[in-house]
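Read through the structure below, which is laid out as structure tokens, and then see the notes.
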Amino acid sequence: MPYELLVGLRYLRARRREKFISLIAGFSTVGIILGVMTLILVLAVMTGFEDDLRTRILGFTPHIVVQGADAAAVKDPAVVIAKIRATKGVVAAAAVATGQVMLSSQGNVTGTMVRGIDADSAAVLNLEQYLTEGRLDDLGELHDVPLDDGRGPTVHMPGIVIGKDVSRHLGLLIGDPVSVISPLSTPTAIGLVPRVKRFVVSGIFESHMEEYDSALAYIDIQQAQKFFDLGEQVSQIEVRVPDLDEAGTVAQTLRASLGSDYEARDWMESNRSLFSALRLEKFAYTVVLLLIVLVAAFNIVAMLIMVVMEKRKDIAVLKSMGATANSVRWIFRYNGMIIGIIGTAVGNVLGGVGCLLLRRYEFVPLPPDVFFVNTLPVSPHLGHFVGVSLAAIAMCAVATIYPAREAARLTPVDVIRND
């Protein structure tokens, strides 16, 4: 152990006349502990919100969407899907037919987006984990529905899966019929007539996100193609990749392989504004909370300046015994760095313990009508601990520069003459 470190440790001990200096050192350490701990907790919670939001979005949004140029329909989906599945980095691909409709039941009407999916869509989306009632497999089957409260004849209707908010607004339960009305009209002998088809509710999903629960419905893709008069065409091809971070690269590969007649857009492009806002908010919180550590670093500057003034004679004696200016400089650098390292280490421990407690016991409830989760989501990462630790220690290291330089500039002759 270098003697500079030993002297620095000795200077941190409180003597009778130096208790005020040690008190400032203690406040500096506590400030660093609070700053590091709070910053780790906030980063873990913000990352938890981001991860949870991304998981919910990807339950209804594919990793990559392939459409015709200018959002045109895909004319030969079987050939396009075969090319997509042969592309490196693609796990699954499925055709989807979409359209805007109105749902009507019991005198109530609501607008929604209908998505026609098939069995392959289960490998692309995570929709099933949000189903509270019913199954996706029932979409491709016809269901027996009695009319007139069971007193009339039984008819066969295809299934539809709707969001929780839609079912609440229309008063629908599993097994209830609902009318799907398209704004596209059908020409008849008496003029244009709105296109209407009856479905039966075969499933209800809940994501706790209003833009999905109140604006999405799912039917079988063959029913959607007939209803929207698409023939064999589909609206888009949805693609899943093994690594979300590689979605942009795979989308570029698909654009190159499919040619100019098709467009490929990854999930980040579709939700860029939302996740950019989350990253900006996380950055703002980080900067604000780092100010706590910065204030503690200023306390280190004040404390070290007072130590230098108190230890002028000790510095003169050390230099008279052969200590170099660089050695004296490192005594006070070690002095401040010890405070920074201790505060950072304790702050990391308390921050990690806080994350574990929040995750395990969930003692911070959130109002479900405001947030899409019931408690604080916590997702700590090793990078948070490393980044916060490096930032805190770097601030403490910078705080020691001026006091250490002033100590190194003292000369024994001037100290003896003045004292």
Side-chain angles (χ1 to χ4, degrees), residues 56-57 59-61 96-119 121-122 125-186 193-230 235 367-374:
R56 292 175 187 273
I57 287 176
F60 300 88
T61 304
V96 176
T98 64
Q100 291 284 350
V101 300
M102 291 186 296
L103 301 183
S104 176
S105 177
Q106 301 176 11
N108 297 317
V109 178
T110 185
T112 186
M113 167 74 76
V114 163
R115 295 167 59 88
I117 60 176
D118 58 14
S121 297
L125 301 176
N126 298 321
L127 177 61
E128 277 201 35
Q129 66 177 321
Y130 297 107
L131 285 177
T132 58
E133 298 179 70
R135 300 184 308 157
L136 285 180
D137 296 339
D138 295 339
L139 288 179
E141 303 176 0
L142 293 177
H143 303 265
D144 296 333
V145 181
L147 299 180
D148 298 330
D149 297 329
R151 294 187 297 270
T154 299
V155 297
H156 305 292
M157 294 184 186
I160 183 172
V161 174
I162 60 177
K164 189 73 172 181
D165 291 348
V166 174
S167 69
R168 187 183 300 113
H169 178 71
L170 299 180
L172 294 172
L173 301 174
I174 295 293
D176 289 344
V178 59
S179 298
V180 177
I181 307 168
S182 171
L184 301 175
S185 301
T186 301
V193 177
R195 198 172 297 172
V196 182
K197 186 173 180 62
R198 298 277 281 174
F199 288 81
V200 61
V201 177
S202 60
I204 297 175
F205 66 85
E206 184 175 19
S207 67
H208 298 286
M209 297 183 67
E210 185 179 359
E211 54 265 41
Y212 297 137
D213 293 345
S214 64
L216 274 182
Y218 292 86
I219 61 176
D220 182 70
I221 189 170
Q222 294 181 353
Q223 297 291 338
Q225 288 173 319
K226 292 178 183 178
F227 187 70
F228 295 116
D229 198 19
L230 291 175
S235 303
D369 56 334
V370 177
F371 298 91
F372 49 83
V373 290
N374 296 324

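When a residue number appears, it is its place in the shown sequence, counting from 1. Note that the structure is predicted; figures quoted are calculated from it, not measured. All values below come from the heavy atoms of this structure, side chains included, with hydrogens, waters and symmetry mates left out.
Of all heavy-atom pairs between Asp138 and Ser202, the closest is CB-CB, 4.1 Å. A pairwise comparison of heavy atoms in Leu172 and Ser105 identifies CD2-OG, 3.1 Å as the closest pair. In terms of heavy-atom proximity, Val196 sits nearest to Phe227 at C-CE1, 4.1 Å. Nearest approach of His143 to Pro158, heavy atoms of both residues: CD2-C, 4.2 Å. Heavy atoms only, all atoms of each residue included: Phe199 and Ile160 are closest at CB-CG2, 3.7 Å. Across all their heavy atoms, Ile221 and Val96 have their closest contact at CD1-N, 4.0 Å.
Glu206 CD to Leu131 CG: the interatomic distance, rounded to the nearest 0.5 Å, is 11.5 Å. Here the CD1 atom belonging to Ile204 is positioned 5.5 Å from the NZ atom belonging to Lys164, to the nearest 0.5 angstrom. The distance from atom CG of Leu139 to atom CG of Asp118, rounded to the nearest 0.5 Å, is 10.5 Å. Of the inter-residue distances, the one linking Arg195 atom CZ with Ile181 atom CD1 reads 13.0 Å to the nearest 0.5 angstrom. From Ser104, atom OG reaches atom CZ of Arg198 across 8.5 Å, with rounding to the nearest 0.5 Å. With rounding to the nearest 0.5 Å, the separation of CZ in Arg168 from CG in Asp213 is 8.5 Å.
Proximity of Arg115 to Leu125: side-chain heavy atoms (C-beta onward) are separated by under 4.5 Å at one or more points. Counting heavy atoms from C-beta outward, Ile57 and Met209 have side chains that approach closer than 4.5 Å. Under the 4.5 Å side-chain criterion, counting only non-hydrogen atoms from C-beta, Leu230 is in contact with Ser235.
With sequence neighbours excluded, the residues forming a ring pair (Phe, Tyr, Trp, His ring centres under 6.0 Å) with Tyr212 are Phe60, listed by chain and number.
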Self-check item: side chain to side chain contact (heavy atoms under 4.5 Å, CB included) assessment of His156 paired with Asp144
Solution: CA-CA 5 Å; His156 305 292; Asp144 296 333; 2.6 Å; yes
Practice problem: Carefully, step by step, assess Lys197 and Lys226 under the rule side chain to side chain contact (heavy atoms under 4.5 Å, CB included). | Solution: CA-CA 10 Å; Lys197 186 173 180 62; Lys226 292 178 183 178; over 6 Å; no
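Residue-environment remark: CD (Glu141) exceeds the threshold of 12 foreign heavy atoms within 6.0 Å. Heavy atoms from other residues, nucleotides or ligands lying under 6.0 Å from CD of Gln100 number more than 12.
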